[in-house]
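Working notes, structure below.
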Amino acid sequence: MWNKPKVSVIMPVYNREEVLSCAIESVLNQDYAKFELIIVDDCSTDGTPELISNYEKMDKRIRSVRNEMNSRLAPQEWEPRNDGLRLAQGEYVAYLDSDNEWWPSFIGDMSKVLEMNPEIQLVHCNSLNFYPPQVLQRVMASDQRKLVYCGNDCACFSCEELTESEFGAAVYIDTNEMMHRASVFREIGGYWNTFHPRRKEIQAYQGNRYLYRRHNDQDLFERIYYRYSRQSIYHLNKMLVNYYYPGSNRTRQPQWFEHI
């Protein structure tokens, strides 16, 4: 019998049948096993629903919900992660996009920080960002975050100093890099907002600009920060995420990247 999960992983997906398996497998291959994976199918029209169904049959830790209308095509947009959060049972919550991957120790390392430090509400780590070759140099020239590693087609940035005047610019906490206590939602006025209120301003700071980004992950971080304090946020200085931008090379990296 499977007991109540400690960690709820929320994964929204829309038409990702070609890469979704990599994201799901990176969760199932975690060193830490006491989690649930809630997949929100945002009304996919390709083979994504069948793929999700197959994984649900394989592993009882996986549950899914399907939206009857795509959240971005509806008369009033909403955040599909909230559809998953309404089902979540875990004490801690993390988010993985359907086209990215976690390193095997992500859940274990991140949850340990929260377990050992009751004053910490949100922990965030580093990610290795993959870009098409022609995009990387532009990112290096304009991204305001601290660069800690640069390869031929990838870069790792780190947000160690939480300078409030740099929120959204040199300080940006990405969806895939965070884990927080589920209890924060009782204190910050509800689940995810659909957009960051400074969305256009933050977009101008980005080294690689994608107009579809809502920056509501940064908004969630800021809401937790301002409600609890600077001391409630912890930076785990480890590389635990592979983040793939459109057109990048989707190659798993060797373990030596974990030192970043």
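Positions are given from 1 along the sequence.
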By side-chain contact (heavy atoms from CB on, under 4.5 Å), which residues pair with R198, not counting sequence neighbours? F167, H196, E201, I202, E222

Among S44, P12, P80, side chain to side chain contact (heavy atoms under 4.5 Å, CB included) partner for N67: P80

What verdict does the side-chain contact (heavy atoms from CB on, under 4.5 Å) test give for Q218 and I173, after you've listed the backbone C-alpha separation in whole Å, the side-chain angles of each residue and the deciding distance to 0.1 Å? CA-CA 6 Å; Q218 175 69 16; I173 311 301; 4.3 Å; yes

Looking only at heavy atoms, what is the nearest atom pair of A94 and M179, with distance? CB-CE, 4.0 Å

Going through the checks in order, is the side-chain contact (heavy atoms from CB on, under 4.5 Å) test met by L28 and R61? CA-CA 9 Å; L28 298 182; R61 293 173 296 180; 4.1 Å; yes

For K146, which residues count as a salt bridge (Lys or Arg N to Asp or Glu O under 4.0 Å) partner, sequence neighbours excluded? E160

Just jot down the side-chain contact (heavy atoms from CB on, under 4.5 Å) partners of Q231, sequence neighbours excluded, or say none. S229

Set of salt bridge (Lys or Arg N to Asp or Glu O under 4.0 Å) partners for E166, sequence neighbours left out: none

Can you tell me how far the CG atom of L20 sits from the CD1 atom of I24, to the nearest 0.5 Å? 3.5 Å

Does the side chain of Q144 come under 3.5 Å of the side chain of Y172 through a donor N or O and an acceptor N or O? no

Of all residues at least two apart in sequence or in a different chain, which pass the ring-ring contact (aromatic ring centres under 6.0 Å, His included) check with H180? Y95, F185

Please verify the inter-ring angle class for W102 with F106; under 30° counts as parallel, over 60° as perpendicular, anything in between as tilted. parallel

Mind checking what makes side chain to side chain donor-acceptor pair (under 3.5 Å) contact with E79, not counting sequence neighbours? R81, N216

Partners of E77 by side chain to side chain donor-acceptor pair (under 3.5 Å), sequence neighbours excluded? R214

With sequence neighbours left out, write down each residue that passes salt bridge (Lys or Arg N to Asp or Glu O under 4.0 Å) with R63, or none if nothing qualifies. E36

State the CZ-OH distance between R223 and Y191, to the nearest 0.5 angstrom. 11.5 Å

What residue pairs, at least two apart or across chains, pass salt bridge (charged side-chain N to carboxylate O under 4.0 Å, His left out) with a residue in residues 39-53? D41-R66

By salt bridge (Lys or Arg N to Asp or Glu O under 4.0 Å) - contacts of R186 (at least two apart): none

Can you give the donor-acceptor pairs under 3.5 Å from side chains of residues 113-124 to other protein atoms, not counting sequence neighbours?
{"from": "E115", "atom 1": "OE1", "to": "K6", "atom 2": "NZ", "distance (Å)": "3.4"}
{"from": "E115", "atom 1": "OE1", "to": "Y92", "atom 2": "OH", "distance (Å)": "2.9"}
{"from": "N117", "atom 1": "ND2", "to": "V113", "atom 2": "O", "distance (Å)": "2.8"}

Quick one: list whatever passes side-chain contact (heavy atoms from CB on, under 4.5 Å) with M140, sequence neighbours left out. L136, L147, C150, A155, F157

From E101 atom CD to F130 atom CZ, the distance as rounded to the nearest 0.5 Å: 8.5 Å

